[in-house]
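Heads up: the structure comes next, in structure tokens.
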Protein chains: 2
Amino acid sequence: MTGGGDGGVGSGITGVDPQELWLRPAGPRRGRKPAFSREAITAAAVALADAEGLDAVTMRRVASQVGAGAMSLYSYAPDKETLLELMVDHVSGEPPLTTPLTGDWRTDLKAIACLQRALMLRHPWLPAALATRRTSGPNTLAFLERALAALRPTGLDGAAKLEVFAQLTGFVAGHVAHEIAQAAAARSPDRVAAEARYLAAVAADGHHPELAEALSAPGRPLDPKATFTRFLNRLIDGLDTG
Amino acid sequence: MTGGGDGGVGSGITGVDPQELWLRPAGPRRGRKPAFSREAITAAAVALADAEGLDAVTMRRVASQVGAGAMSLYSYAPDKETLLELMVDHVSGEPPLTTPLTGDWRTDLKAIACLQRALMLRHPWLPAALATRRTSGPNTLAFLERALAALRPTGLDGAAKLEVFAQLTGFVAGHVAHEIAQAAAARSPDRVAAEARYLAAVAADGHHPELAEALSAPGRPLDPKATFTRFLNRLIDGLDTG
DNA sequence: TATCATTCTCGTACACAGTACGAGAATAGG
DNA sequence: CCTATTCTCGTACTGTGTACGAGAATGATA
């Protein structure tokens, strides 16, 4: 096979198993040396998404950000989907998982949820990225491991613990997505005013009495953090060991 | 203005307010008659998404499905984003909202959640579509109106009721997305086996004892419907009027 | 009826996406 | 040195959303 690059910095591009991506700590040491690194590429993609949103993450832009040609990225990830998975796992490594667990699973679970929320607020594209994708990189798995450890005192069986964690993550993602949307809306008052005007018009037709009343209520600020913890407490306190 | 079509079957394309879309029951009655209808186009897009997923919904494919040229769609919706909103609102009109409320807000809320779940199972693209979008079409608002009515006995104020509904919808979307992903995974056993093999390998390294144990547990089927109602009950019963 | 503004239809075209292909450069083992 | 291997990246193809604008159909007006 002369010319033609289907290799991939030991990325396991050709693997039958998609998970093979996460294995292979270092590929063989022959041939030309890699000019970049999966780490750097992923970091650049994350920075781009942080700054301009997920849609800004295109192969060409990531490549130019890192000083590479667009096609060079394919030596480090088989396709864009994989790059997104790398991004998710990358940021999942940010939160420090060093604090010891308290042993009270509700407390520990809440702490984990707060870590997740902070992470998603720092990377607003995360909820959207998680909605579609299922990632099993090392950092993601470390997070999962931590959650399972926190749930140990519940005595739930494996599948149930996994369910609870998935549910919790989904909840946090949903809430933060909502938070972000509201924050973004607050930065464009025109939209808000237009929406309010429209809803008022709908409510005025008499067919939506409840909506009319809900909108006429005094609009207090409604602190997102407080709302989050309130719902979180309700959700977690509502869980039982049965 | 001769030639050039920035009109739109009374769709309010030029509107400053995005919501203007939902107003305008019928546009002016001058000029050439529309050959299609927003309804038909939306229905075609929904059918396409149902059959082949959200990614299959491209302007060209929707157009050809309905027998139109691609660009004709822009007379009925200003852009693809709007078409997606139309799709969401379209399917939101499916569930019958005629059953009277019981007066017990927990029961009523659970019924609403079940309606939502059924809807999302019938249209598997809905969770993903809802994750990004905020829609305020008539059917969506009817749904919201119903939820607010159900929440009336709680005595919560408007903003709080809206929060609860958003949270509930997010929960259902998250759960159904998970359900769908699992069902899809079950249809491709290769992936599952590969993932299982990979996770087993990770668990075997000794750094993930909890994961190892969770995976070694006996794998029972875990009925999705039952899991859904279980979590739903916990979430709703956990809510209080305070 | 003839005119005309209006409204819709849709072929063409453009910018940009992901990425297949493959030639050339760099490296390590023989 | 040679040669197999690995990475780099220009070119090019397909497919996307959609701007543009010419042409067809329609209702109002004279």
Side-chain angles (χ1 to χ4, degrees), chain A residues 1-14 24 26-41 45 48-49 52-87, chain B residues 1-14 24 26-38 40-41 45 48-49 52-87 132:
Chain A
M1 184 187 297
T2 345
D6 62 346
V9 191
S11 325
I13 309 281
T14 55
R24 316 239 187 161
R29 280 280 150 262
R30 282 259 296 280
R32 186 175 180 169
K33 267 191 221 160
F36 316 101
S37 74
R38 191 188 293 175
E39 177 78 9
I41 290 170
L48 207 51
E52 303 184 39
L54 254 192
D55 288 346
V57 178
T58 71
M59 300 305 266
R60 287 174 234 255
R61 287 205 63 186
V62 171
S64 86
Q65 211 72 33
V66 88
M71 291 312 291
S72 296
L73 298 195
Y74 289 91
S75 294
Y76 300 87
D79 50 32
K80 189 187 179 181
E81 169 59 29
T82 304
L83 178 56
L84 290 171
E85 286 183 31
L86 288 171
M87 289 171 64
Chain B
M1 185 184 299
T2 345
D6 62 346
V9 192
S11 326
I13 309 279
T14 56
R24 316 241 188 159
R29 281 278 154 263
R30 283 257 296 280
R32 185 174 180 170
K33 266 192 219 158
F36 317 100
S37 74
R38 191 187 292 173
I41 290 170
L48 207 51
E52 303 184 38
L54 212 48
D55 287 347
V57 178
T58 71
M59 300 304 266
R60 287 173 234 256
R61 287 205 63 185
V62 172
S64 85
Q65 212 72 32
V66 89
M71 292 311 292
S72 296
L73 298 196
Y74 289 90
S75 295
Y76 300 86
D79 50 30
K80 190 186 177 180
E81 170 59 29
T82 304
L83 179 57
L84 289 171
E85 287 183 30
L86 288 170
M87 289 170 64
T132 317

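Order of the sequence lines sets the chain letters (A, B, ...), proteins ahead of strands, with each chain counted from 1.
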Inset, instruction - Drop me the distance from B:R60's CZ to B:M71's CE, to the nearest 0.5 angstrom. - result: 9.0 Å

Legend entry - Spacing of CG belonging to B:D79 relative to CD belonging to B:E85, to within rounding of 0.5 Å: 8.5 Å

Legend entry - Considering all heavy atoms, the nearest A:A63-A:G69 contact: CB-O, 3.5 Å

Inset, instruction - Tell me which nucleotide among D:dT8, C:dC10, C:dA28 gets nearest to the side chain of A:Y76. - result: D:dT8

Inset, instruction - Return the nearest nucleotide to the side chain of A:R32; candidates are C:dT9, D:dA28, D:dT6. - result: D:dT6

Legend entry - Separation of A:L48 CG from A:Q65 CD (nearest 0.5 Å): 5.5 Å

Inset, instruction - Report yes if some heavy atom in the side chain of A:P34 is under 4.5 Å from a heavy atom in the side chain of A:Y76; otherwise report no. - result: yes

Check nucleotides 15-17 of chain D against the protein and report each pair of N or O atoms closer than 3.5 Å, with its distance, or say if there are none.
| residue | atom | partner | partner atom | Å |
| --- | --- | --- | --- | --- |
| D:dG17 | OP1 | B:K80 | NZ | 2.7 |
| D:dG17 | OP2 | B:M59 | N | 3.1 |
| D:dG17 | N7 | B:R60 | NH2 | 2.6 |
| D:dG17 | O6 | B:R60 | NH2 | 2.9 |

Inset, instruction - Enumerate the residues from residues 64-73 of chain B whose closest heavy atom to DNA chain C is under 4.0 Å, giving them by residue number; use none for an empty result. - result: B:A68, B:G69, B:M71, B:S72

Inset, instruction - Among the candidates C:dG29, D:dC7, C:dC10, find the nucleotide nearest to the side-chain atoms of A:P34. - result: D:dC7

Legend entry - Separation of C:dT27 P from A:K33 NZ (nearest whole Å): 6 Å

Inset, instruction - Select from B:G31 and A:G31 the residue whose nearest nucleotide in DNA chain D is closer to the 5' end of that strand. - result: A:G31

Legend entry - By side chain to side chain donor-acceptor pair (under 3.5 Å) - contacts of B:S72 (at least two apart): none

Inset, instruction - Find the distance between CG (B:L73) and CZ (B:R38) and round it off to the nearest 0.5 Å. - result: 12.5 Å

Legend entry - Check: A:M87 and A:V62 side chains under 4.5 Å, non-hydrogen atoms: no

